Every structure is written in structure tokens, then in C-alpha cells.
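Read the structure below first, then the notes.
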Protein chains: 4
Amino acid sequence: MEIVAAALALFAARGYGATKLEDVACAAGIAKGTIYLYFANKEDLFRAVVRQELLPALARIEAAIEVHTGPTQDLLRLLMAHFVQMIESELGGIPKLVVSEAGNFPEIAQFYADEVVARGMAIIERIVARGVDRGEFRPVEAARLTPVLVGPMLCMLLWRHSIGRHSAIGFDHRAVLETQIDILLRGLAPEPGA
Amino acid sequence: MEIVAAALALFAARGYGATKLEDVACAAGIAKGTIYLYFANKEDLFRAVVRQELLPALARIEAAIEVHTGPTQDLLRLLMAHFVQMIESELGGIPKLVVSEAGNFPEIAQFYADEVVARGMAIIERIVARGVDRGEFRPVEAARLTPVLVGPMLCMLLWRHSIGRHSAIGFDHRAVLETQIDILLRGLAPEPGA
Amino acid sequence: MEIVAAALALFAARGYGATKLEDVACAAGIAKGTIYLYFANKEDLFRAVVRQELLPALARIEAAIEVHTGPTQDLLRLLMAHFVQMIESELGGIPKLVVSEAGNFPEIAQFYADEVVARGMAIIERIVARGVDRGEFRPVEAARLTPVLVGPMLCMLLWRHSIGRHSAIGFDHRAVLETQIDILLRGLAPEPGA
Amino acid sequence: MEIVAAALALFAARGYGATKLEDVACAAGIAKGTIYLYFANKEDLFRAVVRQELLPALARIEAAIEVHTGPTQDLLRLLMAHFVQMIESELGGIPKLVVSEAGNFPEIAQFYADEVVARGMAIIERIVARGVDRGEFRPVEAARLTPVLVGPMLCMLLWRHSIGRHSAIGFDHRAVLETQIDILLRGLAPEPGA
DNA sequence: TATGAATGAGTATTCATTCAT
DNA sequence: AATGAATGAATACTCATTCAT
């Protein structure tokens with residue numbers, strides 16, 4: 001909806017507290033009171049912003065992973081491509097928002113941890129396990145590897161949607177991604193002797 | 001100072017806007033008005049929180065790096081140990097805070113980008129270059145590698161100081177670090193044929 | 001408007017600083033926040049109080065003077081009647097207010113000096129010049145005469161709207177006016193030998 | 001005392017409410033807390049400012065009037081000279097202050113009305129009565145004449161100590177006084193036929 | 001369904017006053 | 001006597017929320 005999109009942009013840019021519903025309404029091209037026809041209150045709108053947008057994206061990734069049959073290395077690249085997309089879209093504002101407001105919305109933090117982070121980690125662990133199973137990767141403990149896999153791109157995402165907007169320092173996240181995949185594949189390559 | 005410490009804890013937990021100066025005063029064990037004897041206003045206090053604490057920590061890292069003479073691999077571990085320390089201390093709240101408030105305090109974001117991020121990246125690039133020079137690492141472009149190096153630990157830090165506080169999901173960041181260093185050293189190992 | 005009238009009464013009685021906007025709202029029969037729908041802040045309301053009310057009154061005097069054709073003595077009485085009216089109405093609170101707050105609102109003082117005092121003096125000087133021209137008054141320098149003409153009634157006005165409200169001493173300003181006009185007309189009468 | 005003088009200047013310039021005791025202390029060259037060694041609180045200081053300074057001045061006028069033996073016209077000039085002095089000194093700030101703060105300090109207003117205004121009027125009425133008795137003035141009711149006598153100079157005084165400080169419009173109060181005395185003496189001159 | 005004028009609870013900030021030194 | 005750091009009551013102003021239209 002118009003309102004949710006406007007709210008996402010403003011919440012992500014200014015934070016929950018500093019965003020006035022009047023500005024959201026203005027950005028959505030409606031009047032202040034109209035918001036209350038669709039959302040009970042500001043918190044309700046905030047929850048909708050976080051909940052509505054991310055899960056479909058996650059489902060799309062899961063589906064794409066599911067049908068993949070080629071080398072795990074390509075699967076990894078496919079996964080990362082989704083990250084890159086999110087970095088470059090408004091959707092990237094959501095993780096930034098959740099990080100920022102976790103203290104004030106613990107149940108949002110929990111929801112995000114359970115529905116997004118846990119599911120995301122499960123996807124990655126499945127990919128890693130697949131690679132190990134197929135002998136493409138050397139044996140590694142998937143749980144410990146996950147943050148190593150997503151950390152760099154998550155940082156790019158948070159940078160892009162917060163500090164990076166106000167600094168001259170810029171990262172070429174596609175180049176960083178190439179470097180990371182290079183390191184990963186070498187780092188995960190099966191031991192010569194194994 | 002008492003006040004700055006209390007403010008850091010509350011700003012990091014709740015964000016700038018949602019933190020009442022009365023609560024800061026209460027946490028610092030003083031009266032509301034006393035804050036104004038030391039800081040012109042809430043914004044001034046916020047700036048002090050971000051500026052005063054981080055630069056000394058960075059200087060300490062720089063100094064430690066400077067005097068190191070052993071293998072670059074140890075240098076990398078030394079650097080990461082500082083990260084781990086920050087993850088585990090209150091200081092870790094500052095990056096979270098800056099990410100959260102970048103939109104409302106662009107000049108803080110800029111300051112952080114220039115004084116913390118840029119300097120931090122310079123340190124890392126120097127370490128990487130040293131490793132390449134000494135033949136310990138294969139030739140890589142340091143700038144593209146930096147986010148790969150710090151991303152995972154930064155994510156651990158942000159997690160610890162935001163979502164992680166409200167979720168059952170926990171990361172063993174020391175274990176993750178071991179895994180990352182393992183991947184890195186394999187991924188950066190000189191080509192056998194070189 | 002309701003708000004401006006309530007504000008005038010309270011500002012004049014208590015001064016700018018000692019008047020709470022909550023009291024203004026209460027006196028106007030509205031809520032505190034409503035004031036901010038019409039005025040940007042307290043100072044803005046103060047300026048409106050001073051600016052909106054006085055100029056129309058002055059314009060009315062100017063118009064009345066303009067159309068007068070009879071003896072200058074009657075013109076003088078007409079002018080003074082307007083003063084008496086102001087003494088007896090809420091409008092008299094404005095000069096008192098401006099005198100009181102000149103130090104804190106220099107631009108209000110300037111506005112009042114330029115738009116009210118200067119214009120008022122011009123009116124009076126025109127009346128005096130007319131009287132001299134028509135041979136009804138002996139030649140006098142109008143500029144030096146103005147304060148002599150308005151001083152007594154201004155004092156009555158300030159008294160009425162400040163000290164007089166809290167003292168048993170009362171002035172019959174209409175009687176004082178008669179005395180003053182008597183003195184003036186004798187004092188301005190053409191020299192017998194001229 | 002140093003403190004009272006500093007307080008008079010500031011109270012007169014800014015009003016009671018807008019004057020900070022810290023500024024008074026600063027202007028008096030002492031520390032904030034020291035004021036409380038001499039005055040119970042801010043109101044007490046305000047009362048002292050109004051009470052201490054004016055009565056001696058009034059007594060001096062009364063004494064000067066008492067010993068005068070010449071023509072009443074000179075007595076009038078003598079009286080007016082005291083007014084001029086007050087216009088030109090810091091003391092002139094007191095009437096302005098009392099007019100401004102009458103609403104918030106009714107008992108100060110009463111004190112001023114009873115001790116200053118009433119006594120001042122008595123002096124003037126005595127002078128007028130003397131003039132009438134000695135056949136220098138035509139018979140007039142003194143009470144009604146008083147505001148006519150003091151009004152112009154009081155206005156000059158209030159102007160000088162409030163609006164006039166912030167406006168380019170200036171009055172030559174000595175010239176105005178000459179004009180007024182001229183008008184008064186002509187206006188009070190005994191009827192030719194009497 | 002949509003509006004926007006009105007509300008009033010909530011917070012940053014000021015400054016008279018205190019009191020240990 | 002003199003200080004000035006600390007206090008906390010008091011007030012301007014904001015903005016989520018309501019509701020008559």
C-alpha cells in the first residue's frame with residue numbers, strides 16, 4: 001500500500017520516534033486522519049511495515065533455492081544476488097529499522113529474529129550442508145559459518161541505508177561480493193588430501 | 001563521566017528520541033538540571049557520547065598494530081580481539097547508535113565515517129598490505145577485502161547490541177571468529193604455484 | 001479573534017513572561033495546543049496582539065480628522081474623545097504592554113514607535129498647524145507641543161491599565177481632560193496684540 | 001548598594017520575570033548565592049529596589065519646595081527640574097518598572113500609589129494652591145490640574161526608559177518642558193478682568 | 001471513505017533557591 | 001561573608017489521536 005511504502009521510507013530514514021504521521025500521510029498523498037482508517041495507531045503501522053514486506057522476499061529466496069540443481073557455488077551466488085537486490089532497494093531499510101528499534105519494540109525484534117533471521121540462517125545452512133554433502137566444500141560447521149557468509153553483505157546493506165547516505169565514503173558492494181565469494185570458495189575448498 | 005556512560009547505555013538501548021534526559025539523570029544518580037551544567041542540551045550530550053569514547057579505543061588499536069612485529073596472521077587475530085572486546089563492552093552500543101541515528105544526525109554520521117570508519121579501514125588495509133608484502137597472503141586488493149574482514153564481527157556487534165538482546169537466538173561470536181579466521185587464512189593463502 | 005483578545009487581557013495584566021499560554025487558552029475557551037494552529041509560538045502571538053488591534057483604531061482617528069471642517073478646537077476635542085475611548089477599553093492595555101516589554105521586544109518597540117507614535121504625532125501636528133494657519137492658535141512649534149497635548153491622557157491611560165487597578169487613588173479622566181483642554185485653549189489663544 | 005543598583009537597571013530594562021538573578025549578580029560583580037545573604041528572595045530584592053530609591057528623592061523635592069519663597073512660577077520650574085533630573089538618571093526606571101509590574105505586585109503598586117503618587121500630588125497641589133492664593137494663577141481645582149502638570153514629563157520619562165531606547169524617534173524633553181511651562185503659565189494666568 | 005481542526009499528555013529546558021565548602 | 005554546584009518545580013511546545021463533517 002501507498003501508506004506502508006511511505007512509512008518504510010520515513011521510518012528507515014528517521015527512526016520510529018522521529019517520524020511524524022503527518023509526514024507519512026503527506027508522503028503518501030493523503031490526509032493525516034486517513035491513516036487511522038487502515039491502522040489502529042502508529043505502532044500498528046510500524047509492525048505492518050516490518051511484517052508485510054520481508055516475508056514474501058524470503059519466500060521467494062526459499063523457492064529459488066529449492067528448485068536449484070546445479071553446483072552449490074552457483075547456489076551461493078544466487079543467494080547473494082538476492083542480498084544485492086535488497087541492498088539496492090527500499091527493502092533494505094527494514095533490517096536497519098529493526099536494528100534501530102529493537103529496544104523499543106522487543107516483540108518486533110523477536111518476530112524478526114524468529115521469522116527472518118532464523119529462516120534465513122536455515123536456508124544458508126542447508127546450502128552449506130548441501131555443498132559439504134556433495135563434496136564441493138570441505139566439512140565445516142554450518143552454524144558457525146553463517147555469520148561469515150552474510151556478515152559482509154549485511155554490513156553493506158546497513159551502511160547503504162544509514163551512515164553511507166551521509167558520507168562520501170562509498171563501497172562497491174558488487175565488487176566486495178566478488179572478493180568475498182572468491183575468499184569463501186577458496187576457504188571452503190576441500191582439502192587436497194581429503 | 002557518569003553522565004556520558006548513562007547516556008550511552010540509554011541512547012543505545014532506546015535511541016536518541018525515546019531517551020528522556022530525566023532517565024539519563026536518574027541512571028547517573030543526579031538531578032535532571034545537573035546535566036545542563038555540563039552539556040548545553042540533549043544533542044550536545046549525544047555528540048559527546050559518540051565522540052568521546054570511540055577515538056581513544058581506535059588509537060589504542062593503532063598503537064597495538066604499530067608495535068607488532070610477528071606474523072601478519074597474529075596481527076589479524078590481535079585486531080579481531082579488539083573487536084571482540086568491543087562486542088562485549090558497552091562501547092559496542094556506539095556503532096549501533098550511529099547506524100540508528102545517522103538520518104537525524106548527518107554530521108555525526110559524517111564524523112563517524114571520517115574518523116572511525118576511514119581510520120579503521122586504513123588500519124586493516126595496512127595489515128592486509130603487510131601480509132601481501134611479506135608473502136604471507138596472496139595478492140588481493142585490500143579495499144575490497146576490508147568489508148569481508150570486518151563484516152562478520154560488525155554484524156555480531158550490532159546483533160549483540162540490538163536484536164540479540166530480545167531474542168533467544170544467540171551467536172557464539174568467539175566461535176564465529178575462529179571460523180572466519182580459518183576461512184580467511186585459507187582464502188588468502190598464497191597460490192601453491194606462485 | 002478570541003485568542004488575541006484573551007492574550008491581550010492577560011499580557012497587559014501580567015506581562016509577557018508571566019502569562020502562561022495555558023491561561024490564555026483557558027481564557028479563550030480552547031485547549032493549549034489550539035493556539036499553535038494559529039500562531040507559531042508565544043512571541044508570534046504577542047506580536048499579533050500588538051499589531052492587529054492598534055492600527056485599525058489609528059486609521060479610524062485619521063479618517064475622522066480628515067473629514068472634519070469645523071473649528072480646530074472641536075477637532076482637538078474629537079481627538080481627545082478617541083483617547084478617552086481607548087482609556088476605557090481593553091485596547092488601552094496595548095501601550096502599557098509595549099512600554100513594559102520594549103526591552104525584550106525591541107522590534108515591537110520600533111514598530112510601535114514608527115507605526116503608532118510617529119503616525120499619532122503626525123495627526124496631532126496637523127491639527128496644531130491647522131489651528132495656527134486658521135488663526136485660531138498663536139504660532140507654536142507643533143513638534144514640541146505634541147507631548148504636552150497627549151501626555152496627560154497617556155498618563156491616565158497607563159494609570160488605568162496598571163497601577164490604578166490596584167490603588168484606591170482614582171482619576172476622573174474626563175474631568176482632567178476638560179481641565180487640560182481649558183488650559184490648552186487659553187495657552188494657545190492668539191496674542192491679543194497679534 | 002551595588003546589588004540594588006544592578007537590579008534596578010536590569011529590572012527596568014527587562015522586567016522582573018525576564019531578569020535572572022545570575023545576571024544581577026554578574027552586573028554587581030558578585031556571585032549568585034551572595035544575593036541571598038542580603039535579600040530573602042527575588043521578590044524581596046524587587047521590593048527593595050522600588051522602596052529604597054524613590055522616597056529620598058521625594059523628600060528632597062519636598063524640602064526644596066518648603067524653603068522656597070519667590071514667585072510660584074519659579075517653584076513650578078524647580079519642581080520640573082527634579083523631573084528632568086529623574087528622566088535623565090537611572091531612577092527614572094522605577095516608575096516604568098512599577099507600571100510594568102503592577103499586575104504581578106499589587107502591594108508594590110499600592111505602596112507606590114500611596115507613598116509616591118499621593119505625596120507627589122500633594123506637593124503639586126500645594127504649589128498650585130499657593131499660586132492661586134498669591135493671585136499668580138487664576139482659580140483652578142488643583143486635583144484636576146495635577147495630571148496636566150506632570151503628564152507630559154511622565155510620558156517623557158517612560159519613553160526614555162522604554163520604547164525610546166529602541167527607536168530613532170527622540171524627544172528633546174527640555175524643549176518640551178519649556179513649551180509646557182509656557183502653555184501652563186498662559187493657561188493659568190489670572191483673568192484680565194478678575 | 002476521507003478530512004483536518006481540536007485536543008492534551010509528554011518532554012526539553014530554565015532558573016530561583018539551597019547548602020556544603 | 002562568599003561561593004557556585006546541584007536541585008527540581010514550572011512552562012513552552014510537539015504530535016499521536018479523535019471526531020464532527
Side-chain angles (χ1 to χ4, degrees), chain A residues 2-3 7 10 14 16-26 28-46, chain B residues 2-3 7 10 14 16-26 28-46, chain C residues 2-3 7 10 14 16-26 28-46, chain D residues 2-3 7 10 14 16-26 28-46:
Chain A
E2 281 293 286
I3 299 175
L10 289 171
R14 307 178 188 175
Y16 175 80
T19 299
K20 303 178 216 172
L21 284 194
E22 178 138 38
D23 292 345
V24 173
C26 186
I30 58 171
K32 199 170 21 158
T34 308
I35 294 176
Y36 287 86
L37 295 177
Y38 300 95
F39 303 93
N41 50 38
K42 195 181 178 184
E43 284 196 25
D44 194 46
L45 172 58
F46 180 73
Chain B
E2 278 297 281
I3 299 175
L10 288 171
R14 307 179 187 176
Y16 175 80
T19 299
K20 299 180 233 171
L21 283 195
E22 181 142 33
D23 292 345
V24 172
C26 190
I30 56 172
K32 204 175 7 161
T34 307
I35 294 176
Y36 289 89
L37 295 179
Y38 300 96
F39 304 93
N41 49 40
K42 195 180 176 183
E43 284 197 24
D44 193 45
L45 172 58
F46 179 74
Chain C
E2 279 296 281
I3 299 174
L10 289 171
R14 306 179 188 176
Y16 175 81
T19 300
K20 298 179 233 174
L21 283 195
E22 183 142 32
D23 292 345
V24 172
C26 189
I30 57 171
K32 203 177 8 160
T34 308
I35 294 177
Y36 289 89
L37 295 179
Y38 301 95
F39 303 94
N41 50 41
K42 194 180 177 183
E43 284 196 25
D44 193 45
L45 173 58
F46 180 74
Chain D
E2 279 295 285
I3 299 175
L10 288 171
R14 306 179 188 175
Y16 175 81
T19 299
K20 303 179 218 171
L21 284 193
E22 179 138 37
D23 292 345
V24 173
C26 187
I30 58 172
K32 201 171 19 159
T34 308
I35 294 177
Y36 287 86
L37 296 177
Y38 300 96
F39 303 94
N41 50 38
K42 195 181 178 184
E43 285 196 24
D44 194 46
L45 172 59
F46 180 73

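Since the model is a prediction, treat every value here as computed from it, not as a measurement. Chain letters run A, B, ... following the sequence lines, proteins first, then strands; residues in each count from 1.
Across the interface with DNA chain F, nearest-nucleotide mapping of C/Thr19 and D/Gly29 shows D/Gly29 to be the residue nearer the 5′ end.
Spacing between atom CD of B/Glu22 and atom P of F/dA10 amounts to 14 Å, rounded to whole angstrom units. Taking atom CG of residue A/Leu45 and atom P of nucleotide F/dA16, one finds them 11 Å apart after rounding to whole Å. Between the CD1 atom of D/Ile35 and the P atom of F/dA1 there is a distance of 15 Å, rounded to whole Å. Rounded to whole Å, the distance from NZ on D/Lys20 to P on E/dT14 is 8 Å. Atom CG in D/Asp44 sits roughly 15 Å away from atom P in E/dA16 (whole-Å rounding). As rounded to whole Å, 14 Å separates atom P of E/dT11 from atom OH of B/Tyr16. The CG atom of B/Leu37 sits 12 Å away from the C1' atom of F/dG8 (whole-angstrom rounding).
At a threshold of 4.0 angstrom between heavy atoms, the contacts of A/Phe39 with the nucleic acid are absent.
Note that CD1 of A/Ile35 and CG of A/Asp44 are 11.5 Å apart. Values are rounded to the nearest 0.5 Å. The CG atom of A/Leu45 sits 7.5 Å away from the CD1 atom of A/Ile3 when rounded to the nearest 0.5 Å.
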Problem set entry | Per-nucleotide pairing state of DNA chain F [Watson-Crick or G-U, under 3.5 Å; [ ] pseudoknot-crossing; | other strand] | .||||||||||||||||||||
Produce the list of close N/O pairs, under 3.5 Å, pairing protein atoms with atoms of nucleotides 17-21 of chain E; give distances to one decimal.
| from | atom 1 | to | atom 2 | distance (Å) |
| --- | --- | --- | --- | --- |
| E/dT17 | OP2 | D/Tyr36 | OH | 2.9 |
| E/dT17 | OP2 | D/Lys42 | N | 2.8 |
| E/dT17 | O5' | D/Tyr36 | OH | 3.3 |
| E/dT17 | O4 | D/Lys32 | NZ | 3.2 |

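With sequence neighbours excluded, the residues forming a ring pair (Phe, Tyr, Trp, His ring centres under 6.0 Å) with A/Phe46 are A/Phe11, A/Tyr16, A/Phe105, listed by chain and number. Judged as a side-chain hydrogen bond (donor to acceptor under 3.5 Å, both in side chains), and not counting sequence neighbours, the contacts of C/Asp23 are C/Arg14. Applying the side-chain hydrogen bond (donor to acceptor under 3.5 Å, both in side chains) rule to D/Glu43 yields the partners D/Arg47; only residues at least two apart in sequence or on another chain are considered. Every residue two or more places apart in sequence or in another chain was checked for a ring pair (Phe, Tyr, Trp, His ring centres under 6.0 Å) with C/Tyr36, and none qualifies. By the side-chain hydrogen bond (donor to acceptor under 3.5 Å, both in side chains) test, B/Glu2 is found to be paired with no residue, residues two or more places apart in sequence or in another chain being considered. Remark: C/Lys32 pairs with C/Glu22 by the side chain to side chain contact (heavy atoms under 4.5 Å, CB included) rule, at least two apart or across chains.
In terms of heavy atoms, A/Lys42 sits closest to A/Leu21 at CG-CD2, 3.9 Å.
Residue C/Tyr38 places at least one side-chain N or O closer than 4.0 Å to OP1 or OP2 of E/dA6.
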